[in-house]
Amino acid sequence: MFQQGMTRRHFMSHAALGSAAVLGATEFLHHLQLNAAEVSKNRKACILVWLGGGAPTIDMWDLKPGSKNGGEFKPISTAGDLQICEHLPSIAKQMDSLSVVRSMSTREADHARGTYFMHTGFVPNPTVVHPTFGSVVSYELGTKRKELEIPAFVSIGGGGMSPGFLGMSHAPFTVDAGGRIQNADMAGVDPNRLGARLSMLETIEDGFIKSNRGGAGQAHKDVYSKAVNLMRSQQMQAFKIDSEKPEVREAYGRGGFGDSLLMARRLVEVGVPFVEVNTLGGWDLHNDVFNTLKTQRLPQLDKGIAALTADLKERGMLNDTVVVCMGEFGRTPRINQNVGRDHWATSWSVLIGGGGLKSGVAIGETDEDGTRIVGDSYLPSDLWSTVAYALKIPLDTVHTSKRGRPMKIAGGGQPIKGLIG
Amino acid sequence: MPSEIQSEMLSLLNALSEGRLSREGIKRLEQLVISSREARQVYVRYMNLHGSLAWDAGLSEAFTTGTSSDRRKATAGRIRSASSASRRERWSVARVGSVAAVAAVCLFVSILWLTKKSAPSVVATVVNPPASQTPVVSPERVEGLKPAAPQDAFAPIGSVTSAASPAPSDIPVQSPASLPAEIPHVALNQSSEVMATSDQSALKSGTFDGLSPAPISDFEIVSRINGLLEMQWEEAGVQPSPVANDSEWLRRVYLDLVGHIPDRASLDRFLSDNRSNKRRLLVESLFQTPDYARNLTTVWINLLVGRANERPINREALAKFLRHQFHDNRPWTETVSKLVAAEGDGNEVGEANFLLAHLNNQAVPATAVTTRIFLCRQVQCTQCHKHPDSKHGGSMSDFWELNSFFQQTSIVENTKYNSTTGREEVVSRSLIDNPVGGPTFYDDLSGLMRVAYPKFAGHEVDPDPTIKRRQELARLMTTVDQRELAAALVNRTWNHFFGKGLVNPIDDMGPHSPCANPELLKALTDAVVASGFDVQRLNRWILMSRPYQLSSQAAKTTPGEMAADDETPLFNRMNIKPLSAEQVFDSLLVASAADHAGTTDWEQADNQRQTWMKQFFTATENEENCDASRFDGTFSQTLMMMNGDLVQTAVSSRPGTVLHEIVLAKIDDQERIRQLCRAALGRDPRRTELTAFQTAIKRHRDGKKSDSSVFEDIFWSYLNSTEFAVNH
């Protein structure tokens, strides 16, 4: 990765200094465009829509009408072969393109542990930090996309997940829902001067790197070369949702969440293989769950996910783009004394679609009160294996921790049969 | 080592510790010790063991009988390396009552420093030649004795191997005028005069309540840290790194202790200081600065309420409380008790703001945060299920039993009529304990409602409404079950200085988490308890220990790669610690004087910093009150350093900035480069840097460009380097 980064950076800085004249400018651009058209075919990507706090999936994707745990909402029919919540009518119309896995059973019902487990496929372990799956995709696919000048893993809204032993060069690049990247312009420093500064910096860095102090110097240098690429790249336009037509923005829903999903689509379009959207939080509904869902969370989610699905389909990208929508766990089937639901990891649902996966179906089931899974249950490792399968990342891929411990991709899970069958 | 030599050594050592070794015997012992590494190890182990046993034996009398302050020269006890002068090993004997007690083995230069505040029940131990008959003096008299300025070069204390002068590949180019006494060994070649002075400044003390098992000296603890780690290095077959040079060490200790890099004047002063004990003196002087208390406050306030906590609390009031506690070096038990049991208006009672931030969601965060911060224990998972390691004892009922300590407490909003708006407005919030009793109710996994009564670590508390439960919790945590509190403080402090805890992750201690050196954790925990939870002393022990003196540069025989995250840390080399956002902000100000938000007005400086920090920290969207950071060494931080306002100002040659001063000064370009490097990195430029930058300056002048911009670029490069971004 570093090698590439450096080549590119050297190339770019030379270009800025005018030594790219070897290759005629027009010819060069043409070459790039051709190349881009070629590679954008079959370019796989994943958009993870994170419902931080743990969404009450029993009220969204797996309703239990008639049970004491059922709550206030009714199920409605959809374009797919399953029912979902009445407050998700737009998604219902897109359900022929999406599926629900109703048999997630994931053990970890603490926010931090659940977030870690659902992002990595591994249970937290004090001796090693596993990479979040976005970093895995950055490592596997991002490094192969030479045309990509911006980071291969973008997190809109952040969330603090770590690239673990894959290293900081696969850390999420975090932006806010407005796509503003602070300090990305060079504040009046012209390119020649930046080039001069970077070459001075390189002298200092090389001295430190040679001083036998471990990898920190090299990692720092890598990040700088990427940051410079980023500052100089046309692909930065992908963050600028202002350039979209008003009706498109309207369709996604005005506001942070709609904007983020639209930005995610734009990023995937320029070749970013993994985008995480974490701008619709507030799912930790220990109190007043139905009111909050009905009036606040579900309308936004409904509009955004439906628009994203339709947009991807229309642009012919849905077959190559997996969309996953989940939080760190579900919520208790039992309704507590504050009309809320607490943390629950034993039986809950995840929305997944696109990427050529089977759509319009419900995978697995829970019992009539939603407290138990009937039949096979799935772990996050199975879910991420399914995603890896869809992204055409070989499932026998093994990563090695810094200490040399081999780790199977996605925690060695098995793709969910009903989705790949 | 031949066995006859070993047995000869043992008999000499026996004689020595019993105070009957002749002058010839001492000479012979000295010879043996100098002759081989194994012999030195035998010596150290023997004296260590003997010292410990003697203390145990002499303990009962120690509280009633003081010891002598006979100031005779300890010629007999001195063993000194004649050849390299790179080590000096001394030992001292304490007489406790009639027991001839070998107190501590002093390697290199002796001495411990006398803590300034002598507690009433101080038991002093005194360096004493073994053969002398020691008069017994009363504790009062001992207390009155103030030693002359303690002499030492603490860096190599306990170092047994003869460390040759390290020759790092990047030895800075020093200007002749400021060649420092680079490695502390240099300072060890001392005259006997210094030795004599050392003897006077005898061992020393600390505060002990009647329960404390053993009076311990700082020196003894430092030796123990060193001994335990050296033993581990030997067993693991690893080499310790060379001792860090003064530049590396000074920058490190500034960042760790006062939260920012040294300014140029302090750096120049330190590098040109030739006193042998300058490292120790510097540490002591930093303890006295306001920035020491401010830095610890920053570290702890971030743990207590986070950086992005958006709950309405009075952060300044909490900071003020913490600053006072750290500045006055109040016992950690007192600080924790106050935080846990605080009542009242957050504007007036600063410590109340800790729980004002965490009482949401049925006090689940309060329960989890209190145990995680103060006890390094993760209980929040047991809120819903048993701890993965059931030996850990975590279960749902344990969680809710702890939680019930917080169930009497509520937040009351204090309002005031605002005549402008015509409305009652909230002006502050108070933490109030209500006289309610009974259990906490919670749902178990099958949805059944259960009850939990207040119980901490097996101690049940009366659930009666009149019992103030948080006060009980504070009492149990800080007195009844104080070892856990001490171990957690040790682990956090160790992590603060070494970038890794003895147990990792640092806030998940327990049988399921591996400990790098259990004996060391135990020794330091004991020491913290015995010292009465003296935070400053704990810092001092670590700062004076051998591992803290080591370079981040690998020993020649060791691979350059840092140990991976998942390896057991051995502390045979300083870890590289990324600077925190606060450290970067404060260090940029020190390096550049980009802003005059000095330390005179804490609240103003802190507010500016808080505003700047907002770009990196956001509260996470759940009810557990955590925050997410973008200050992680990647893009946000990098772009800020390359293009951010603060750096732009720092590298502008506006009047008042350091850069402006250096550009205007009547010095040559080489000296300018040197000054810029010192300002940013606390070291002198490497040759490669000098060459490259002088060339750049020349090219720049040939282009007849305005003069200062090339220096702006040089300064920019230094500030953007890895070395600026890390503490190593």
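Numbers restart at 1 for each chain; the letters A, B, ... are given by sequence-line order, proteins then strands.
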Verdict with supporting geometry, A:R197 and B:N720, side-chain contact (heavy atoms from CB on, under 4.5 Å): CA-CA 10 Å; A:R197 286 181 172 185; B:N720 274 278; over 6 Å; no

Given heavy-atom pairs under 4.5 angstrom as the criterion, report whether the side chain, backbone, both or neither of A:I181 touches chain B. side chain

Tell me, please, which residues at least two apart from B:R251 pass side chain to side chain donor-acceptor pair (under 3.5 Å). none

Closest heavy-atom pair and its distance - A:N212, B:R573: O-NH2, 3.1 Å

Greatest number of non-hydrogen atom pairs under 4.5 angstrom with chain B, of A:L230, A:T371, A:V223, falls to A:V223

Spatial distance of atom CG (B:L681) from atom CZ (A:F208) [nearest 0.5 Å]: 9.5 Å

Between A:M200 and B:V710, does a side-chain contact (heavy atoms from CB on, under 4.5 Å) hold up when you go through it step by step? CA-CA 10 Å; A:M200 289 177 173; B:V710 69; 4.1 Å; yes

Indicate yes or no: at least one non-hydrogen side-chain atom of A:H286 is less than 4.5 angstrom from one of B:V364. no

Approximate separation, where rounding is to 0.5 Å, of B:C677 SG and A:I204 CD1: 7.0 Å

Decide if atom CG of B:D645 counts as having more than 12 heavy atoms of other residues, nucleotides or ligands within a radius under 6.0 Å. no

Tell me yes or no: between the side chains of A:R213 and B:S552, is some donor less than 3.5 Å from an acceptor? yes

If you compare all heavy atoms of A:A227 against all heavy atoms of B:L639, which two are closest, and at what distance to 0.1 Å? CB-CD2, 4.2 Å

With a 4.5 angstrom heavy-atom cut-off, which part of A:A216 approaches chain B: side chain, backbone, both or neither? both

Gap separating the CD atom of A:E202 from the OG1 atom of B:T688, nearest 0.5 angstrom: 12.0 Å

If we define contacts as heavy-atom pairs under 4.5 Å, which of B:H728, B:Q362, B:E712 has the most with chain A? B:H728

Strictly by modelled atom types, are B:S721 and A:E205 linked by a side-chain donor-acceptor pair under 3.5 Å? no

If I measure from the heavy atoms of chain A, does B:Y718 come under 4.5 Å with its side chain, its backbone, both, or neither? both

Indicate the atoms forming the closest heavy-atom contact of B:S717 with A:L201, along with that distance. O-CD1, 3.3 Å

Taken to the nearest 0.5 Å, the spacing of B:T722 OG1 from A:I209 CD1 works out to 6.5 Å

Find the distance between CG (B:L690) and OG1 (A:T203) and round it off to the nearest 0.5 Å. 11.5 Å

Please test B:W716 against A:L198 for side-chain contact (heavy atoms from CB on, under 4.5 Å), starting from the C-alpha separation and ending with a verdict. CA-CA 9 Å; B:W716 182 94; A:L198 291 172; 4.1 Å; yes

Identify which part of A:N287 has an atom lying under 4.5 Å from any heavy atom of chain B, answering side chain, backbone, both or neither. neither

Spatial distance of atom CG (B:D713) from atom CG (A:L194) [nearest 0.5 Å]: 9.5 Å

Are the side chains of B:M642 and A:M231 in contact, using a 4.5 Å heavy-atom criterion? yes

Please examine the side chains of B:R686 and A:D206, heavy atoms only from C-beta on, and report whether any two atoms are closer than 4.5 Å. no

With a 4.5 angstrom heavy-atom cut-off, is it the side chain or the backbone of B:S241 that approaches chain A, or both, or neither? neither

I want to check something: taking the side chain as every heavy atom from C-beta on, are A:Y224 and B:M641 in contact at a cut-off of under 4.5 Å? yes

